[in-house]
S.K.: 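One structure, pasted below without further comment.
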Amino acid sequence: MTDIARRFPQNPLLRPADIAPSQPGLEVVCLLNPGVFRYQGKTWLAIRVAERPPQLPDIISFPILQPGHRMLIKDIHTNDPDLVMTDARVITYKGADYLTTLSHLRLLSSTDNIHFQEDPAYPPIFGQPGLESFGIEDVRVTEMNGTYYLTYTAVSENGVGVGMKTTRNWQEFESHGMIIPPHNKDCAIFEEQIHGQYYAFHRPSSVALGGNYIWLASSPDTIHWGHHTCIVRTRPGYWDSERVGAGAAPIRTKEGWLAIYHGADAAHRYCLGAVLLDLQDPSKVLARTEDPIMEPLESYELNGFFGKVVFTNGHIVNGDELLIYYGAADEYVCAANFSISEILQQLQ
Ligand code: MAN
């Protein structure tokens with residue numbers, strides 16, 4: 001038993017019923033995987049809100065973004081022979097893949113890190129038709145000199161890639177389009193430059209050869225990325241045997257860059273682990289936790305829209321305290337504290 005997370009007794013902090021749907025005719029089915037940042041003295045979550053129409057018996061209905069802020073609702077009968085439904089998150093119909101929900105981002109803030117509220121002055125962030133027509137997901141927020149960099153998963157029929165927006169005030173955003181093409185996600189930009197370059201984690205997926213591994217890239221401007229290297233691979237027989245992906249930006253410690261990542265096995269059980277990277281050359285992996293530092297254990301982590309999942313892409317660092325916000329069972333937003341020195345001990 002290696003789970004060293006101190007979960008908030010108030011968990012889940014937020015459930016789907018706590019958020020109003022973005023428009024009539026939709027319901028919120030999942031609140032998950034928030035990006036986290038500090039702004040104007042408060043803690044903010046950029047929460048992924050996944051919606052779909054209320055489901056009628058024997059019919060699966062899901063929205064797709066269309067040009068002109070329109071939404072197409074696709075209805076498919078569950079006994080249609082062209083429908084393949086093996087995962088709550090994705091379906092295949094007539095050979096094409098779709099998501100069962102459409103996600104956007106919702107901004108909520110808190111003064112106590114526990115109770116979060118929406119403010120109409122900070123409206124939701126929606127995907128755009130085209131490369132985001134199946135939604136935007138799992139944003140990582142990186143702040144440098146008052147500019148916030150939002151790197152998120154952009155999903156469409158063309159595939160899953162990394163989109164980026166920047167903002168200084170969370171009301172006006174500059175869109176930089178897709179900065180890393182499919183198949184790629186889990187992109188987190190480091191909060192400091194190293195030897196004059198920006199750095200980011202990302203996670204391509206290789207279908208035929210290779211796998212779902214964490215890569216590192218560098219950039220002169222945060223938009224054009226090069227010098228890609230594979231730094232963290234899945235480990236056969238381990239809890240992270242099937243896929244790994246970075247959480248939020250890594251944390252600078254005396255020992256190195258501490259990165260929290262998620263790993264899943266073939267049964268889609270998602271846990272969290274940690275890696276330590278060289279401060280001067282983050283492509284050098286100094287250590288990696290053998291066992292997860294957090295596993296799905298609580299009922300709200302085991303049961304939900306997609307059970308047995310703890311997934312993080314946002315945290316706040318305060319001295320030795322690492323406060324992570326995480327998605328539980330792809331349905332709830334929760335929080336847990338870690339001691340950074342305790343994580344570093346696991347990395348010895
Ligand atoms: C993928 C992504 C995440 C999700 C996990 C678990 O990694 O779709 O958003 O939380 O799977 O379902």
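If you read the sequence from its start, that first residue is 1, and numbering goes on from there. Nothing here was measured: the structure is a model prediction, and the numbers come from that model. Just follow the structure's listing: the first ligand is 1, and inside any ligand the first atom is 1. Computation of the quantities below employed the complete heavy-atom set of this structure, encompassing side-chain atoms and omitting hydrogens, waters and symmetry-equivalent molecules.
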S.K.: Less than 4.0 Å between a side-chain N and a carboxylate O, is that true for K284 and D278?
M.R.: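 The answer is no: the pair does not qualify as a salt bridge.
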S.K.: Look at atom 10 (O) of ligand 1 and say which protein heavy atom is nearest, naming residue and atom and giving the distance to 0.1 Å.
M.R.: D330 OD1, 2.7 Å
S.K.: Under the criterion ring pair (Phe, Tyr, Trp, His ring centres under 6.0 Å), I'd like the reasoning laid out for F134 against Y98: C-alpha separation, chi angles, the key distance, then a yes or no.
M.R.: CA-CA 8 Å; F134 292 0; Y98 298 94; 5.8 Å; yes
S.K.: Minimum heavy-atom separation for S22 and R106, please, with both atom names.
M.R.: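 Taking every non-hydrogen atom into account, N-NH2, 3.6 Å.
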S.K.: Mark up the atoms of ligand 1 that fall under 4.0 Å of a heavy atom belonging to F311, in ascending order.
M.R.: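 Answer, ordered by atom number: 3 (C), 7 (O), 10 (O).
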S.K.: What atoms of ligand 1 come closer than 4.0 angstrom to any heavy atom of D138?
M.R.: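 Counting from 1, the qualifying ligand atoms are 2 (C), 3 (C), 9 (O).
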S.K.: Does W257 have R252 sitting over its ring (NZ/CZ under 6.0 Å from centre, angle to axis within 45°)?
M.R.: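 Output yes; distance and angle both within limits.
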S.K.: Looking at residues at least two apart in the chain, or sitting in another chain, which of them share a ring-ring contact (aromatic ring centres under 6.0 Å, His included) with Y122?
M.R.: W44
S.K.: Checking the N or O distance criterion of under 3.5 Å, is ligand 1 in contact with Y270?
M.R.: yes
S.K.: With heavy atoms of F306 as the reference, note each atom of ligand 1 found under 4.0 Å away.
M.R.: 12 (O)
S.K.: For residues Q128 and E132, report the shortest heavy-atom separation together with the two atoms involved.
M.R.: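 Where Q128 meets E132 most closely, the heavy atoms are N-OE1, 2.8 Å.
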S.K.: Could you state whether Y261 and L277 fall into the same hydrophobic cluster, counting links through intermediate Ile, Leu, Val, Met, Phe, Trp or Tyr residues with side-chain heavy atoms under 4.5 angstrom apart?
M.R.: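 Result: yes, single cluster for both.
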S.K.: Should you measure from each heavy atom of K185, which atoms of ligand 1 turn up under 4.0 Å away?
M.R.: 1 (C), 2 (C), 8 (O)
S.K.: Consider every N or O of E137 and every N or O of ligand 1, then say whether any pair is closer than 3.5 Å.
M.R.: no
S.K.: Could you tell me if any non-hydrogen atom of R243 lies under 4.0 Å from any atom of ligand 1?
M.R.: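 Contact absent.
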S.K.: Tell me the contacting part of N33 for ligand 1: side chain, backbone, both, or neither, using a 4.0 Å heavy-atom threshold, strictly below.
M.R.: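 Under 4.0 Å from ligand 1, N33 contributes side-chain atoms alone.
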S.K.: Only heavy atoms count here, so choose which of K308, E331, R89, H268 is nearest to atom 6 (C) of ligand 1.
M.R.: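 Going through K308, E331, R89, H268 one by one, R89 has the nearest heavy atom to atom 6 (C) of ligand 1.
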